[in-house]
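Below: one structure, written as structure tokens.
Every chain is numbered from 1 and lettered A, B, ... according to where its sequence line falls, protein lines coming before strand lines.
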There are 2 protein chains.
Amino acid sequence: MATIQDVAKEAGVSVATVSRVLNQHASVSAKTRAKVEDVIERLQYNPNMLGRNLRCSQSRMLLVLVPSISNPFYSKIVQGIEDIARRNQYNTLLCTTDSDVERENVYLDLLRNRMADGVISMDPAVDLANIRQLGEEYPVIQCCEYSETDQTPYVSIDNQTAAYKAVKHLLMMGHKKVAIINSDERFLYARHRKEGYLLALEEFDIPVDPHYLIHTDLHFESGHRAMKSLLGLEDRPTAVFAVSDTLAIGALRSIKEAGLKVPDDMAVVGFDNIPFASMMNPSLTTVAQPMYEIGCEAARMLIKRIAAPQDRVESIVMDYELIIRESTMG
Amino acid sequence: MATIQDVAKEAGVSVATVSRVLNQHASVSAKTRAKVEDVIERLQYNPNMLGRNLRCSQSRMLLVLVPSISNPFYSKIVQGIEDIARRNQYNTLLCTTDSDVERENVYLDLLRNRMADGVISMDPAVDLANIRQLGEEYPVIQCCEYSETDQTPYVSIDNQTAAYKAVKHLLMMGHKKVAIINSDERFLYARHRKEGYLLALEEFDIPVDPHYLIHTDLHFESGHRAMKSLLGLEDRPTAVFAVSDTLAIGALRSIKEAGLKVPDDMAVVGFDNIPFASMMNPSLTTVAQPMYEIGCEAARMLIKRIAAPQDRVESIVMDYELIIRESTMG
DNA sequence: TTGAAAGCGCTAACAG
DNA sequence: CTGTTAGCGCTTTCAA
């Protein structure tokens, strides 16, 4: 394992010169440069980033906190982050928190340890007070889930309006009994989507039935279970709005197991438009989030912030789109 | 940002002592330890890993190369890797290669740059000669896809027998016309699964119809397209074996769009048993790979290898299981 | 255009 | 049990 010293000695120059060649400094004569490059090639020299990172006090690493990597929604966002990171010579440290505050905190140590130059947090479990304080000390971007009360920049969509439109679509199709399978309301997006749901009901003068309000996590087993309990209701709904495609997919399965037809017996709307949504049978009506672009924007914001920590970074609200498919329009 | 120097000065001890406290050395008196820990707390000191890593010449980072993070098959494996890594104080550097050799090579530079202590490669696109050479210089573990000719340790399943059993299941149900949607045969697992397919056909004295052999990538759009062309055949098959659940899911969609019934008009078997497989309508018969455990084993092997690079590490062949569901058994 | 030298923050001999 | 010191590999003044 050759070091910069070896290269310098072999090329008959100082380590400073080798470093300059490595970093494309203009102030190196063509001849010297050629000589050094030749030696680098011959010795198969690879700069040791551990040394460089210490010296430069940076890791060129972006910490990305996701609740789960299994949900294709997050994978898509991560793809966007990675692409932008790579283009800016950053690497991505992807960490799965399972929405566990403690685990999340361990990962945040990577920031404090200087193993990461900044963090994109998608983790709804985040201790918000914590994140805010962190945001004052380190470059932090919130993605999808965020705190309304602090200044940490975020990228998200208008969850309330999006949910409102999804539910309105069901109501316009004549449904009077619409349930919602929501996630935990400690998450802002869950609160917002519920508000949208309520707004739509109100507009159509439909009273809220508390039995139609279910809270759970995002796994499709949970969607499956939620739908099952909905189907067991005395006065069961004719349509359901699930705040995540994974939940909706679980719900579809439940309905099929009960021998019912979608959308005739039960219409279903999901949220996110993960790639699987269009492959389902029936295909899933859903609110499409621009997942990849959300990731890209978050990464751009973070990189900007790392480069100029004191600059103000504007939060971004992205567009969404209701995609109508078979699960509501047979 | 306090350094170890600050702590030492403030506590009135040497940096060596602080370092000893940090690293839980037994040889520190309780009193000194308490004093130092108190200062650490007060100064909110966090050790700078950049310094430690340089000094120790390690990054405590595991490089993980996956073709794609969108395929739940890989996400599950990555979960296993991450869990084991975390338990051993390693972090995971997850990199998506898109099966692009060049991108992969850029990521492998992270090894050469000492930004990672070892690598788990699941990338079928890997330049095999390359990986072998790398394996001589660095800790490398191959996962799922591997080279038969070199000594780099791997963890995988017996793809040939697994495919054989999957196809045999179809043949036992009376199918005489069984197609295979395979991926690129530059991948060992693709060659093995095809061999298993051929073996089963041979055992049942069924001649191979070249029209029933399709090669493509793993996206479900590709499965969708492949099935469509299969359905367009003059003498179309009555069953299909897809070498990945994603392909099978695309195929299911195609069949439904053609107005045909699964499994009556067309039986479908997938491979992997990703979580979505059981949620499909109809649910998908598939070969279950122990994805999570595969990841765990790969991580264990790598960590062992990093600790003792010269020790021999045995490759592991894991079990699989054919899971029969509605897509073949109505 | 180049080199000498300092130092990023940490760990680990070695000596006491 | 604790301190002194060297040095991991690199970049970057500063001076020549």
Should the pair A/E137-A/R112 be classified as a salt bridge under the 4.0 Å nitrogen-to-oxygen rule? no
Assert: residue with more 5' nearest nucleotide on DNA chain D, out of A/N23 and B/T17, is B/T17
- Message: Heavy atoms only, 4.0 Å cut-off, all strands: where does A/L50 land among base, sugar-phosphate and nothing?
- Response: nothing
By nearest-nucleotide position on DNA chain D, the 5'-leaning member of B/A26 and A/N48 is B/A26
Rounded to whole Å, the CD-P distance (A/Q5 to C/dA4) equals 12 Å
### Query
What does B/N53 touch in the nucleic acid at a heavy-atom separation under 4.0 angstrom: a base, only the sugar-phosphate, or nothing?
nothing
With a 3.5 Å cut-off and just heavy-atom distances, do the side chain of A/R20 and the base of C/dG3 make a donor-acceptor pair? yes
Among the nucleotides D/dG9, C/dC10, D/dT2, whichever has the atom closest to the side chain of B/V28 is D/dT2
For B/K304, does the NZ atom sit with more than 12 other heavy atoms under 6.0 Å from it, leaving out its own atoms? no
Against the side chain of A/S29, the closest entry in C/dT1, D/dT2, C/dT11 is C/dT1
Between A/V78 and B/I69, the two heavy atoms sitting closest are CG1-CD1, 4.1 Å
| said: Main chain of B/Y189, side chain of B/N159: is a donor-acceptor contact present, judged purely on distance under 3.5 Å? | reply: no
When rounded to whole Å, the CZ to C1' distance for the pair B/R55 and D/dT5 reads 11 Å
Contact class for A/S27 (heavy atom, under 4.0 Å): base, sugar-phosphate, or nothing? base
Notebook entry, point to check: When we call it a touch if two heavy atoms are under 4.0 Å apart, what does A/T3 touch: a base, just sugar-phosphate, or nothing?
Noted result: sugar-phosphate
To the nearest angstrom, the CG-P distance between A/L54 and D/dT12 comes to 13 Å
Rounded to whole Å, CE of B/M115 lies from P of D/dC8 at a distance of 20 Å
* Asked: Heavy atoms under 4.0 Å, any strand shown: does A/R114 hit a base, just sugar-phosphate, or nothing?
  -> nothing
| query | Under 4.0 Å between a Lys/Arg side-chain N and an Asp/Glu carboxylate O for A/K35 and A/D38? | reply | no
B/H25 atom NE2 is separated from D/dG3 atom C1', nearest whole Å, by 15 Å
